[in-house]
Amino acid sequence: RAQVAHHSGLAPLARLVQQLGGAKGGACAPMDAAARFVNNERGVPSAKHALAGARDILAEQCARRADVKRVARELLEPQACFTARRKAEADLEEQYKTYWSFDAPMCRVRPYQYLAVQRGEAVGALAG
């Protein structure tokens, strides 16, 4: 989606939103700035769509930055929960019975548990 937004000419809007910090009511409100980028021929039918494209561009940029990923990981990891459930009428051999109703904090999930759930999902026995 970020590539489409780039091709639609929304990179300058993304830079502007990044500079302003997305603050409402400042020197230039984001919706007002986005209105200048509305262009049906480029696939940007409204200011709302323009802002969504700018967000996609910024999200892609953040996803490539190691420092942002590290901070996100540190903030989210303590709250993350690893869950697996049995799919209806699946796993009749009970090969994945241990994981039919599995919940654990992500920091406590062992590699073999993660891999077992992935195998169970691949054969259609479990849903993560």
Under 4.5 Å side-chain linkage, directly or through intermediates, the cluster mates of L75 =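 Taking Ile, Leu, Val, Met, Phe, Trp and Tyr as members, L75 shares its hydrophobic cluster with V71.
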
Sort and list the pairs that fulfil ring-ring contact (aromatic ring centres under 6.0 Å, His included) and have at least one residue in residues 33-77, not counting sequence neighbours.
->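 As it turns out, there is no ring-ring contact (aromatic ring centres under 6.0 Å, His included) pair with a partner in residues 33-77 once direct neighbours are skipped.
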
Return each pair, listed once, that meets ring-ring contact (aromatic ring centres under 6.0 Å, His included) where at least one residue sits in residues 65-93; pairs must be two or more places apart or across chains.
->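 The answer is F82-Y114.
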
Pairs satisfying salt bridge (charged side-chain N to carboxylate O under 4.0 Å, His left out), at least one member in residues 96-115, at least two apart =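 Applying salt bridge (charged side-chain N to carboxylate O under 4.0 Å, His left out) to every pair that reaches into residues 96-115, excluding sequence neighbours, yields R85-D103, E94-K97.
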
Not counting sequence neighbours, which residues clear side chain to side chain donor-acceptor pair (under 3.5 Å) with [X]? List them please.
X: R42; result: none
X: E41; result: none
X: R73; result: none
X: R119; result: none

By side-chain contact (heavy atoms from CB on, under 4.5 Å), which residues pair with K87, not counting sequence neighbours?
->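 K87 satisfies side-chain contact (heavy atoms from CB on, under 4.5 Å) with A90, A127 only.
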
Audit row: V117, Q113, side chain to side chain contact (heavy atoms under 4.5 Å, CB included) steps and yes/no = CA-CA 6 Å; V117 170; Q113 293 170 317; 5.7 Å; no

Tell me, please, which residues at least two apart from E93 pass salt bridge (charged side-chain N to carboxylate O under 4.0 Å, His left out).
->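 For E93 there are no salt bridge (charged side-chain N to carboxylate O under 4.0 Å, His left out) partners, ignoring immediate neighbours.
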
Judged by atom type as modelled, is there a donor-acceptor pair below 3.5 Å linking the side chain of E121 to the main-chain atoms of G128?
->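 Checked: pair present.
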
What closest approach, in Å, do D91 and A125 show between heavy atoms, and which atom pair accounts for it?
->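 Looks like CB-CB, 3.7 Å.
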
What side-chain donor-acceptor pairs closer than 3.5 Å can you find for residues 55-62, not counting sequence neighbours?
residue : atom : partner : partner atom : Å
D56     : OD1  : R1      : NH2          : 2.9
D56     : OD2  : R1      : NE           : 3.3

What residues form a ring-ring contact (aromatic ring centres under 6.0 Å, His included) with Y99, not counting sequence neighbours?
->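 Applying ring-ring contact (aromatic ring centres under 6.0 Å, His included) to Y99 gives F102.
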
